[in-house]
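Take a look at the structure below.
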Amino acid sequence: MYYPLSSKSSLDFYNLPKPSPEETERHARILRQLRIGLIASRDKAEKILGKTESILKSNGISVDWLAAPPSPPALETTSNTGAAYDILLHKIGEKGDKDMGRVLEERGGMRCLVIDPPHLANRAMNRIMHAKLCHEGLSDLKDVEFAASAVLNSSNTLCNEQKALAWLAKNGLRLPVIFKPLGPDADPHDLCGVFNPKGLISAAMYHTPAIVQQYIPHDAQRLYKVYILGRETVITQRQSLPLLNYCDENPQESQGRSNWHFGRVSKDMAVHAQPLDPEFVRRLSCIAERLRAIFGLRMLNFDAVLERRTNRIIIVDVNYFPGYQKCFNDFGVRFMRFLAEAWLDREQN
């Protein structure tokens, strides 16, 4: 059964109800006995915790922020249970410190619960790797696939329009396409849409290395964001890229424009929600279960669109430890449930 999401539109859905006050107190009693740490940059920690921190504190729970990578003494301080930390969360990035990943893996034995294994989280944060895993793991599903994409490492590959079109064809792509940045300093939300060969060359000059992803014709106002938090699955609707409206409604004018830079497309892009068909909810839920198994993660999010002519679900992005607070305002009590259940699972197994 899916429940209407009380803190957002009643047209969004999740599979578990909000914990009752009694359940929340039970979760709090478990977590008060534990030492919990979050390894992340300060800005990521603030985004992850945000208002959640005050809810946790009001229930007697604290989460220590540890700069990435934390100093060895910070991890060696012993908690009441005999471990440096009982639960460690992390978002160090797929380009993060490899030694930090090794340290976390080592802490994942005995008493410390590391959520999630760093090497598995890195696969989800690496755009090349998560595309490969999705292509392979979803290949047996007829009505689902990951959007076709290819890696472009250098602008030299696309030195003229003829070579640009040949490169697209070789990789099974056609215009329009979306440039998604790679590289150590790239902002994953900083996207560029490309209409024609001239725009392809221009985008390559400023946005390489990059993943070049096929644009999928779909409802221009509808992007489905599916959040996984332990056994919980939440489905929300957001506005899709402006490119879609422009390309579909102004085909002749779009030919005169080379590309469209979107900036941070995921920020403040609300959409008028529409009722979700129960069968569509079931399909997205099945995909969530499959991706949970493919990546082996407790915290995950994927973005998908519904292809206009075929009605196939096309996945366009995957993220680890996403911004859950964009999804619902009662994340604090749900986060407490998630941590408490993860700890109990660890203790029972």
Less than 4.5 Å apart, any side-chain heavy atom of Arg174 and any of Leu168? no
Are Thr24 and Asn59 close enough that some pair of their side-chain heavy atoms sits under 4.5 Å apart? yes
Does one hydrophobic cluster hold both Tyr215 and Ile201, with members joined at side-chain heavy-atom distances below 4.5 Å? no
Search all heavy atoms of Ala28 against all heavy atoms of Met336 and return the closest pair with its distance. CB-CE, 3.7 Å
side-chain contact (heavy atoms from CB on, under 4.5 Å) against Ile228, all qualifying residues, sequence neighbours excluded: Ala288, Arg292, Leu300
After noting the C-alpha distance and the side-chain angles of Val318 and Leu133, does the key distance pass the side chain to side chain contact (heavy atoms under 4.5 Å, CB included) rule? CA-CA 11 Å; Val318 174; Leu133 288 171; over 6 Å; no
What pair of heavy atoms forms the shortest contact from Ala210 to Leu182, and how long is it? C-CD1, 3.8 Å
Please enumerate all residues that pass salt bridge (charged side-chain N to carboxylate O under 4.0 Å, His left out) together with Arg29, with sequence neighbours excluded. Glu25
Could you tell me which non-hydrogen atom of Asp64 sits nearest to which non-hydrogen atom of Tyr85, and how far apart they are? OD2-OH, 3.0 Å
Close side-chain approach of Leu339 and Leu89, heavy atoms under 4.5 Å: yes
Heavy-atom neighbours of Gln162 CD exceed 12 at 6.0 Å: no
From Glu307 atom CD to Ile314 atom CD1, the distance as rounded to the nearest 0.5 Å: 4.5 Å
Give every donor-acceptor pair under 3.5 Å between a side-chain atom in residues 142-151 and any protein atom, sequence neighbours left out.
from: Asp143; atom 1: OD2; to: Arg283; atom 2: NE; distance (Å): 3.2
from: Asp143; atom 1: OD2; to: Arg283; atom 2: NH2; distance (Å): 3.4
from: Glu145; atom 1: OE1; to: Arg312; atom 2: NH1; distance (Å): 2.6

Pair Asp317 + Arg127: basic N to acidic O under 4.0 Å: yes
How long is the gap from CD1 on Ile61 to OG1 on Thr52, to the nearest 0.5 Å? 11.5 Å
Over all atoms of both residues, closest heavy-atom pair of Cys192 and Ala203: SG-CB, 4.2 Å
Between CG on residue Leu173 and CG on residue Leu200, distance to nearest 0.5 Å: 9.5 Å
Work out which heavy atom in Arg32 is nearest to a heavy atom in Gly60; give both atom names and the distance. CG-O, 3.5 Å
Would you indicate whether the side-chain heavy atoms of Leu120 and Phe295 approach each other to under 4.5 Å? no
Validation row: Phe280, Ile235 side chains within 4.5 angstrom (heavy atoms): no
So, are Asp345 and Arg231 salt-bridged, with charged N and O less than 4.0 Å apart? no
Charged N to carboxylate O under 4.0 angstrom, Lys225 versus Asp303? yes
Report the distance from atom CZ of Phe321 to atom NE2 of His90, rounding to the nearest 0.5 Å. 9.0 Å
If the threshold is 4.0 Å, N to carboxylate O, is there a salt bridge linking Arg337 and Glu23? no
Can you check whether Leu306 reaches His218 side chain to side chain, under 4.5 Å on heavy atoms? no
Are any non-hydrogen side-chain atoms of Val212 and Ile178 less than 4.5 angstrom apart? no
CD on Glu232 to CG on Asn15, rounded to 0.5 Å: 6.0 Å
Between CG on residue Asn301 and OG1 on residue Thr233, distance to nearest 0.5 Å: 11.5 Å
Step-by-step side-chain hydrogen bond (donor to acceptor under 3.5 Å, both in side chains) determination, Tyr320 to Asp116: CA-CA 9 Å; Tyr320 174 67; Asp116 286 291; 3.3 Å; yes
Side chain to side chain contact (heavy atoms under 4.5 Å, CB included) for Leu113 and Trp343? Distances and angles first, verdict last. CA-CA 7 Å; Leu113 171 63; Trp343 179 257; 4.2 Å; yes
What are the two closest non-hydrogen atoms of Cys112 and Arg346, and how far apart are they? O-NH1, 2.7 Å
Transitively linked via ILVMFWY side-chain contacts under 4.5 Å: Ile294 with Leu297? yes
Under a 4.5 Å cut-off applied to non-hydrogen side-chain atoms, are Tyr227 and Tyr324 in contact? yes
